[in-house]
Amino acid sequence: MADIDGASETKQFHPDVPAAHEGFPLKGAHQLDWGMRNRLSRVFRPSTGRTVMLAIDHGYFLGPTTGLERVDLSIVPILPHADALMCTRGILRSSIPSTCGAGVVVRASGGPSTLKELSNERLALDIDDALRMNASAMAVQVYIGGEHETQSVKNMTTLVDLGLRYGVPTMGVTAVGKQLTRDARYLGLATRICAELGAQVVKTYYCDRGFEQVTAGCPVPIVMAGGKKLPELEALTMAHHAVSQGAAGVDMGRNIFQSAAPAAMIQAVGKVVHELMPPKQAYELYRTLAHEHAAAAR
Ligand code: R5P
């Protein structure tokens, strides 16, 4: 028999206190199921509704990309500064400690290498495996205007259906082919299509003109892709522009792991994303931290 000796008869129903109904900090997510919102909370920091997602999935079509040759040496030490990690399941299982506290956004599409037509992707992950890895979200490339546009959209909608069944969010990644212009008109089209067809998060590039319209026209959070390596001040400025203009953070790869001081850079990006630190101040922070890290390593 259960031990009920001493159980108090006093009840504390507080009928005068309305039940709490907390809001949710992410755009478009307030009607999602609890499990999906809980997973999104492991990607986007609840206190700011933004994320510093570290993208290291490049090897799925590029092989051993500069800066990612040894993920155990270059990436694992900086993981404590990331809110989330975007990677393939191969790197996750082989090189990322299971004690890692960051949310994991697992790459779920693939197929062609950089030697072939990149838009010819298929889904490359079972939802069972995403659940087994305790993934916080799944990422799929969408090639609007690309040769295999419809197939890539179908990849995304299939993943969205599976994710909805089990409470795993899908991030649509707008992939821009060499022949397409990364302007607000194109990015607005691509991001809106991803959201309309069910992606709970969309990743896209920044554009100098009209990015505010891209984020405003997308009913779910947009995270900014970093793109090719830029000087650190430029990359911090771009991140600042993006979050000031409505992005819910960044999903940045080369501008962090190809930086001369990746640990300093990811911390500076974090200040920009979560505190809107002005870019020049964030760059000074980057330089200070880089010197400190170099001195400590000597
Ligand atoms: C590319 O398709 C991959 O998904 C990368 O994660 C993405 O390009 C972001 O990395 P980066 O900031 O280096 O562009």
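Residue indices begin at 1 and follow the sequence shown. Read the numbers this way: they start at 1 and go in the same order the structure lists the ligands and their atoms.
Using modelled atom types, one finds no donor on one side chain facing an acceptor on the other under 3.5 Å when comparing Tyr143 with Glu117. Side-chain atoms of Glu232 and Ser259 form a donor-acceptor pair, as typed in the model, at a separation below 3.5 Å. Side chains of Glu147 and Asn120: no donor on one and acceptor on the other come within 3.5 Å. Defined by atom type and a distance below 3.5 Å, a donor-acceptor pair is missing between the side-chain atoms of Ser41 and Arg39. A donor and an acceptor atom, one from each side chain of Asn134 and Arg132, are nowhere located under 3.5 Å apart.
In this structure, Ala175 falls outside the shell of residues with a heavy atom less than 4.0 angstrom from ligand 1. Under the 4.0 angstrom criterion for non-hydrogen atoms, Lys229 is not in contact with ligand 1. Contact between Asp57 and ligand 1 is present, with at least one heavy atom of the residue lying under 4.0 Å from the ligand.
Relative to atom 10 (O) of ligand 1, the option among Arg254, Met171, His58 with the closest non-hydrogen atom is His58.
No side-chain donor-acceptor contact under 3.5 Å links Gln267 to the backbone of Met265.
In terms of protein heavy atoms, atom 7 (C) of ligand 1 is closest to Lys203 NZ, 3.1 Å. The closest protein non-hydrogen atom to atom 1 (C) of ligand 1 is Gln141 NE2, 3.8 Å. Looking only at protein heavy atoms, the nearest one to atom 8 (O) of ligand 1 is Tyr205 OH, 4.0 Å. Gly253 N, 2.8 Å is the protein heavy atom nearest to atom 12 (O) of ligand 1.
Of all atoms in ligand 1, numbered sequentially from 1 with element shown, those under 4.0 Å from a heavy atom of Ala55 are 6 (O), 9 (C), 10 (O). Distances below 4.0 Å separate heavy atoms of Met252 from the following atoms of ligand 1: 12 (O). Under a 4.0 Å criterion applied to the non-hydrogen atoms of Met86, ligand 1 contributes the atoms 4 (O), 6 (O).
Across all their heavy atoms, Glu121 and Tyr60 have their closest contact at OE2-OH, 2.6 Å.
The side-chain heavy atoms of Val273 and Thr51, taken from C-beta on, include no pair separated by under 4.5 Å. Two residues are said to be in side-chain contact when any heavy atoms from C-beta on lie closer than 4.5 Å; Met36 and Pro169 meet this criterion.
When only interatomic distances are considered, the shortest N/O to N/O separation between Gly227 and ligand 1 falls below 3.5 Å.
If you look at Arg107 next to ligand 1, the close heavy atoms, those under 4.0 Å, all belong to the side chain.
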